[in-house]
Number of protein chains: 2
Amino acid sequence: MVEYELRLDMIFSSLSDPIRRDILQRVSAREFSVGELVERYEVSFAAISKHLKVLEKAKLVHKRKEGKKQMVRLAPDALRSADEYLEQYRQMWQGRYDKLDMLLNERD
Amino acid sequence: MVEYELRLDMIFSSLSDPIRRDILQRVSAREFSVGELVERYEVSFAAISKHLKVLEKAKLVHKRKEGKKQMVRLAPDALRSADEYLEQYRQMWQGRYDKLDMLLNERD
DNA sequence: GTAACATTTAACCATATGGTTGAATATGAA
DNA sequence: TTCATATTCAACCATATGGTTAAATGTTAC
């Protein structure tokens, strides 16, 4: 359970940075090499390499060697834990709409 | 759009701390005074006060004065933006199951 | 007004984070 | 082997974070 908590720490902390969120979005569409990603931001190669290490540690992305390149893609279970965490709160703001639906349907 | 990004930064960063997640859980059930929350953790009053400021800035909780106490509750739209952010990825891991469903149903 | 309670603010500390540059490593090409 | 390419690692820097204690600020009760 502590491990699950740690995992959530890492996932949410990963998501708190705009560059990392942007990387996730890109690699969710297709594989990118580290260099390809670097081109898209105005920070150094090393900075992106660090961001990728953070994402990897949180298991949000996976890296695969291909020759001298490293290909990055969204990890299979990426973001699922975060979503499951939010699940518990989802009904809190959806509940309101359900009640509204009920009220509207009462007219029938 | 930059503002939305900043908001996400703050929300996810808020969620990356276990104490703050725990506070959210508590105040989602009912209102708590700051002091009541402090009792539940082994850190100082000031530390909890800081955590609450972080949560307030991210608009995840709301504080209301009641005499000399400050009552804390989950903010109305709390966590909704985070959930909407994850929405875009949800189909990526749900899609797989939909496809599996289709395959299974093809036997009919 | 003074005391007691509830909370915040200030000053400080250690560690983490996000960035840099430059050297080191690994792979493929010549 | 040597060169070029792709990436990481190391050292460093500034700022942020999460914690502390102690003083300051409301707010109610006497």
Side-chain angles (χ1 to χ4, degrees), chain A residues 2 5-27 30-73 75 82, chain B residues 2 5-27 30-75:
Chain A
V2 175
E5 284 286 302
L6 259 176
R7 184 85 202 286
L8 278 183
D9 288 4
M10 288 191 293
I11 291 174
F12 285 127
S13 164
S14 290
L15 292 176
S16 74
D17 184 278
I19 290 190
R20 284 193 295 261
R21 284 199 302 276
D22 203 78
I23 290 176
L24 281 182
Q25 180 123 26
R26 289 187 198 279
V27 302
R30 67 166 176 88
E31 272 191 334
F32 277 76
S33 74
V34 180
E36 275 180 308
L37 288 172
V38 172
E39 287 170 24
R40 270 128 182 119
Y41 307 96
E42 291 178 343
V43 296
S44 67
F45 214 117
I48 296 298
S49 182
K50 276 192 192 180
H51 279 308
L52 288 173
K53 199 147 59 169
V54 170
L55 289 168
E56 253 189 306
K57 202 175 168 196
K59 296 186 183 165
L60 294 180
V61 302
H62 183 259
K63 266 193 287 191
R64 176 178 70 82
K65 276 198 173 180
E66 184 178 298
K68 44 184 165 184
K69 291 183 191 167
Q70 297 263 3
M71 303 304 288
V72 184
R73 61 173 172 75
Chain B
V2 175
E5 283 287 300
L6 259 176
R7 182 85 201 288
L8 278 183
D9 289 4
M10 288 190 293
I11 291 173
F12 285 128
S13 164
S14 289
L15 293 175
S16 74
D17 183 278
I19 291 191
R20 285 194 295 262
R21 284 200 301 275
D22 203 78
I23 290 176
L24 280 181
Q25 180 124 27
R26 289 188 198 281
V27 302
R30 67 166 175 89
E31 272 191 332
F32 277 76
S33 74
V34 180
E36 275 180 308
L37 288 171
V38 171
E39 287 170 24
R40 270 130 184 118
Y41 307 96
E42 291 177 343
V43 297
S44 68
F45 215 117
I48 296 298
S49 183
K50 276 194 194 178
H51 279 308
L52 288 173
K53 199 147 60 172
V54 171
L55 289 168
E56 254 190 305
K57 202 173 167 197
K59 296 187 183 164
L60 294 179
V61 303
H62 183 259
K63 266 193 286 191
R64 174 177 71 82
K65 277 198 173 180
E66 185 177 299
K68 45 186 166 184
K69 291 183 189 164
Q70 297 262 6
M71 303 304 290
V72 184
R73 63 174 171 72
L74 199 66

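These figures come from a predicted structure and were not determined experimentally. Letters A, B, ... are given to chains in the order of the sequence lines, protein chains preceding strands, and every chain is numbered from 1.
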Can you give me the closest heavy-atom contact between B:Ser33 and B:Lys69, atom names plus distance?
CB-CD, 4.1 Å
5' precedence on DNA chain C between B:Lys53 and A:Glu42 (nearest-nucleotide basis):
B:Lys53
Across the strands shown, which category fits A:Lys69 at heavy-atom distances under 4.0 angstrom: base, sugar-phosphate, nothing?
sugar-phosphate
So, is B:Lys50 close to the C:dT9 phosphate, meaning a side-chain N or O under 4.0 Å from OP1 or OP2?
no
Hey, is the side chain of B:Lys63 poking within less than 4.0 Å of OP1 or OP2 on C:dT8, counting only N and O atoms?
yes
From the candidates C:dT27, D:dT27, C:dG19, the one with an atom nearest any side-chain atom of B:Lys65 is D:dT27
Any side-chain heavy-atom pair of A:Ile19 and A:Ile48 under 4.5 Å:
yes
Between the main-chain N or O of B:Glu5 and the side-chain N or O of A:Arg21, is there a donor-acceptor pair closer than 3.5 Å?
yes
Any side-chain N or O of B:His51 less than 4.0 Å from the OP1 or OP2 oxygen of D:dT17?
no
Once you apply a heavy-atom cut-off of 4.0 Å, does A:Ser33 come out as touching a base, just sugar-phosphate, or nothing?
sugar-phosphate
Would one find a side-chain N or O of A:Ser44 under 4.0 angstrom from OP1 or OP2 of C:dG19?
no
Short side-chain N/O contact to D:dT7 OP1/OP2 from A:Ser49, under 4.0 Å
no
